Novice: 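My questions all concern the structure below.
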Amino acid sequence: MKKIILFFILTLTSSTIHSQIFDGLSIGLESNSAWYNDDKKTGAFNDEINNDKDKHLRLNNYLKLDYNFLSKFTASVQIESYEPFALLNYSPNLKGTNLGTYSLTYRTTKINATVGHFYEQFGSGMILRNWEDRQLGINNALFGGKINYRLLDVADLTAVYGNQRVGYETSDGVIFGFNSEFELDSIFEWNNTALSIGLSYVGREQKVNLDAPNFEALTNAYSGRLAFSHGKFYSSAEYVSKSNDAIVQANQISNQFIKPGSGFLFNAGYSQKGLGIDATFRRLENMSFYSDRETSGNVFFENVVNYTPGLTKQHDYLLTNIFVYQAQSSVSFLDPGLLKAGEIGGQLDLFYNIKKETVLGGKYGAKIAFNASYWAGLKGDFDYANQDYNTEAFGFGDKYFSDISLEVRKKWSSKWRSIFYFVNQYYNKKYIEGNFGAKPIVTNIGVIESTHKLRNGKSIRIEAQKLWSDSKDHNWVGGTFEFNFNSKFSLYINDIYNSGDDSSTDKTHYYNAGGSFTKGATRVGLNYGRQRAGLLCVGGVCRFVPEATGLTASVTMAF
Amino acid sequence: MLKKLIIFLLIIGFFSGAQELPSASLRDLDGSVVELNKISKKNITVLSFWATWCVPCINELDAIAEVYDEWKDETGVNLIAIATDDTRTKKRIRPLVNGKGWEYLVLYDDNQNLKRALNITTLPHTLVLKNNKIIHRRTGYTPGIEDELFEIIKENSN
């Protein structure tokens, strides 16, 4: 296959070396590599996923080519390489060099059709989402066909069919779906009001290898959506219903524990210049949805059909990302002391701009962002002996997590600006991580960040962080120093340190030093340091990364 | 084999002319469909790919917001902020944009389709367009970089 692509490109170049032929070509290259070394403090290098202790150098490479031709077509290929193994804690299915995705798309203003690998999302993704995240090692593209039709400028209709990408292979189960979105305001020609409704269906069919299964090979999911906005007010709601299916725990399909699933998402907000308020409520019950049943809950997010991210604020600082909430969408009945069927909760955001030349705002004004979130288990009757449960529609069970944060951005002068950040978190490790002995922990985190602009494009950025907790295990401090020489070069150093008693992290400096060079759309980054074991989160989805020490390099280019 | 291919492509990338912006229809915050090629046809257009969780992106857009009126008066430039948030943080876009009082047209890159088509991997990522051709692109933000961007805009505006 690679030879074919090369041949194709060579033919193009030899036939006519005219720059216009390449005007339609977009190239993206990303390379992430690491040299993991043994660490006196934290132990020798060990890759548990690939059962390897010797291959210290790892490379993840991605080369993507998109070629637009004849004004309506796009051919796209992505070659991936994980040599000799992938970076730590990527799926073992990602190994070697191969063609990752390829597709051909035809697009007009009315029709958009793709064969090959494609990425689709229905509504918020609670029923279907295909996406790629290289940092997390997620690529659950569908391999098959998709067609989208824009009807009379008032409706979008989409149909998809395919198997999901898993490593360089595809899933057992087949996914097919239909999505529709109607813009009612366009139909009624309203000007100040927007109203749209959406209806979706997603089917997952996977053969069942049981003698007398109590559930169907085909699982149906339906969703209905409504979005409304009028002037400064907006609101949306989405409901998903998933048909009866076997509960899967620890890769075991249970023929006696058959349940439907549901999801409800509601959002409302108000915003005007200088002020924004937004509130979200969500309830998930048994909403784990995978193209292959037995892969339910796998840590690599392979075969995942839908997207149910943790709806909390994504924090930006090292110490604010130690206790991170992950959405609890699935049923867990592995132990009578730990019974879960989903989650319920919400979050509130507030943005406010304090005007210039006021008492609080001073000469330059200030910007405030407030966020609060609360998540709990579902309330209901849980019957461990008979492996069954009944939940209340809007009942809150055990508290899983809460987070309150306040951010103030203040400009002091044309040269100085600062950010003040405070976070209060409650993290119930027992339920979130399924860890029995663990007690809930309450933390308070304060961060001060200042940027000072010097002459000739130079600037300095300093961060000071502190985490206090009600547990003797966690008491962290941290800091960052960054120096930007100009728009191209920058260097940084950071360190976090736990003076508490937590056996896995205490008395260890997690330091990192590195730099980056950026020119145009090319960025080269180099880092040496020790990485804390923990969750790496992108878009509310988190991947566990083990403790490791080493040199990492990343190169990204786009043409 | 793969190495040769990469080197070869880099050479092509280096010598090829200005890249055409692929056709794409995005939705604004009210859900109306916007054909990107149509609105970026006139004047110089800057596409700034950002996300609500990306601190340097917000720093950049905040910094430009302070001088945006002057930019427009001098060059007629039009900045479009393309939000690449997934649905987890999508709801924060509107209150954040209004709360900050940004005057940019904000478009939503549904499931990051345009970001993927343009092979954008790191944020912030900024494209400068003239006649729908990409005449400049860069990634990252450090304080003061907006002045360099404005130089490029001035050089290319008539």
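Since we're looking at a predicted model, the values are computed, not measured.
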Novice: Taking every non-hydrogen pair under 4.5 Å, which of A/R461, A/Q121, A/K72 racks up the most with chain B?
Specialist: A/Q121
Novice: If a pair satisfies disulfide (SG to SG under 2.5 Å) and one of its residues is in residues 72-109 of chain B, list it, with sequence neighbours excluded.
Specialist: none
Novice: With distance as the sole criterion, is a donor-acceptor pair present between the side chains of A/S31 and A/N61 under 3.5 Å?
Specialist: yes
Novice: Any luck finding a side-chain donor-acceptor pair between A/N267 and A/D278 under 3.5 Å?
Specialist: yes
Novice: Looking at chain B, which one of A/K232, A/R134, A/K313 has the largest number of heavy-atom pairs inside 4.5 Å, strictly under?
Specialist: A/K313
Novice: Could you list all the disulfide (SG to SG under 2.5 Å) pairs where at least one residue sits in residues 51-98 of chain B, not counting sequence neighbours?
Specialist: B/C54-B/C57
Novice: Are more than 12 heavy atoms, taken from residues, nucleotides or ligands other than A/F517, located less than 6.0 Å from that residue's CZ atom?
Specialist: yes
Novice: Compare every heavy atom of B/N156 with every heavy atom of B/K130, then report the nearest pair and how far apart it is.
Specialist: NZ-O, 2.9 Å
Novice: Any luck finding a side-chain donor-acceptor pair between A/T97 and A/S81 under 3.5 Å?
Specialist: yes
Novice: Less than 6.0 angstrom separating the ring centers of B/Y68 and B/Y104, yes or no?
Specialist: yes
Novice: Taking the six-membered ring for Trp, are A/Y421 and A/H315 parallel (under 30°), tilted (30 to 60°) or perpendicular (over 60°)?
Specialist: perpendicular
Novice: With only heavy atoms counted, which part of B/S25 is less than 4.5 Å from chain A, the side chain, the backbone, both or neither?
Specialist: both
Novice: Please determine, by modelled atom types, if B/W102 and B/D62 share a side-chain donor-acceptor pair under 3.5 angstrom.
Specialist: yes
Novice: Do B/L21 and B/L47 have side chains that approach each other closer than 4.5 Å (heavy atoms only, starting at C-beta)?
Specialist: yes
Novice: Quick one: what part of B/D147 sits under 4.5 Å from any heavy atom of chain A, side chain, backbone, both or neither?
Specialist: neither
Novice: Which residue out of A/S487, A/G276, A/S229, A/S490 racks up the most heavy-atom pairs below 4.5 Å with chain B?
Specialist: A/S487
Novice: Check the angle between the aromatic planes of A/H452 and A/W416 and answer parallel, tilted or perpendicular using the 30° and 60° thresholds.
Specialist: parallel
Novice: Which bit of A/Y234 comes within less than 4.5 Å of chain B, counting heavy atoms only: side chain, backbone, both or neither?
Specialist: side chain
Novice: Taking B/L96, B/I120, B/V55 one by one, which has the highest count of heavy-atom pairs under 4.5 Å against chain A?
Specialist: B/L96
Novice: Measure A/K273 against the heavy atoms of chain B and call it side chain, backbone, both or neither at under 4.5 Å.
Specialist: both
Novice: Under a 4.5 Å cutoff for heavy-atom pairs, which residue among A/S554, A/S459, A/A194 has the most contacts with chain B?
Specialist: A/S459
Novice: Does any backbone or side-chain atom of A/S26 lie under 4.5 Å from a heavy atom of chain B? Answer side chain, backbone, both or neither.
Specialist: both
Novice: Can you tell me which portion of A/D153 sits under 4.5 Å from chain B's heavy atoms? Options are side chain, backbone, both or neither.
Specialist: neither
Novice: Can you say whether A/K64 sits under 4.5 Å from chain B via the side chain, the backbone, both, or neither, judging by heavy atoms?
Specialist: both
Novice: Look at B/H125, B/Q112, B/R116, B/E103 and state which one has the largest set of heavy-atom pairs under 4.5 Å with chain A.
Specialist: B/R116
Novice: Which of the residues A/K411, A/E181, A/E132 is involved in the greatest number of heavy-atom pairs with chain B at under 4.5 angstrom?
Specialist: A/K411
Novice: Below 30° counts as parallel, above 60° as perpendicular, anything between as tilted: where do the rings of A/F489 and A/F485 land?
Specialist: perpendicular
Novice: I'd like to verify something: which residue of B/E35, B/R138, B/K91 has the highest number of heavy-atom pairs under 4.5 Å with chain A?
Specialist: B/K91
Novice: Does any heavy atom of chain B fall under 4.5 Å from the side chain of A/R417, the backbone, both, or neither of them?
Specialist: side chain
Novice: Could you look at A/Q272 and say if it's the side chain, the backbone, both or neither that has a heavy atom under 4.5 Å from chain B?
Specialist: backbone
Novice: Side chain, backbone, both or neither: which part of B/V33 has a non-hydrogen atom closer than 4.5 Å to chain A?
Specialist: side chain
Novice: Is it the backbone or the side chain of A/D156 that comes under 4.5 Å from a heavy atom of chain B, or both, or neither?
Specialist: side chain
Novice: Give, as side chain, backbone, both or neither, the part of A/S76 having an atom under 4.5 angstrom from any heavy atom of chain B.
Specialist: neither
Novice: Against chain B, work out which of A/T451, A/L275, A/T518 has the most heavy-atom pairs shorter than 4.5 Å and name it.
Specialist: A/L275
Novice: Can you tell which part of A/E482 gets under 4.5 Å to a heavy atom of chain B, answering side chain, backbone, both or neither?
Specialist: neither
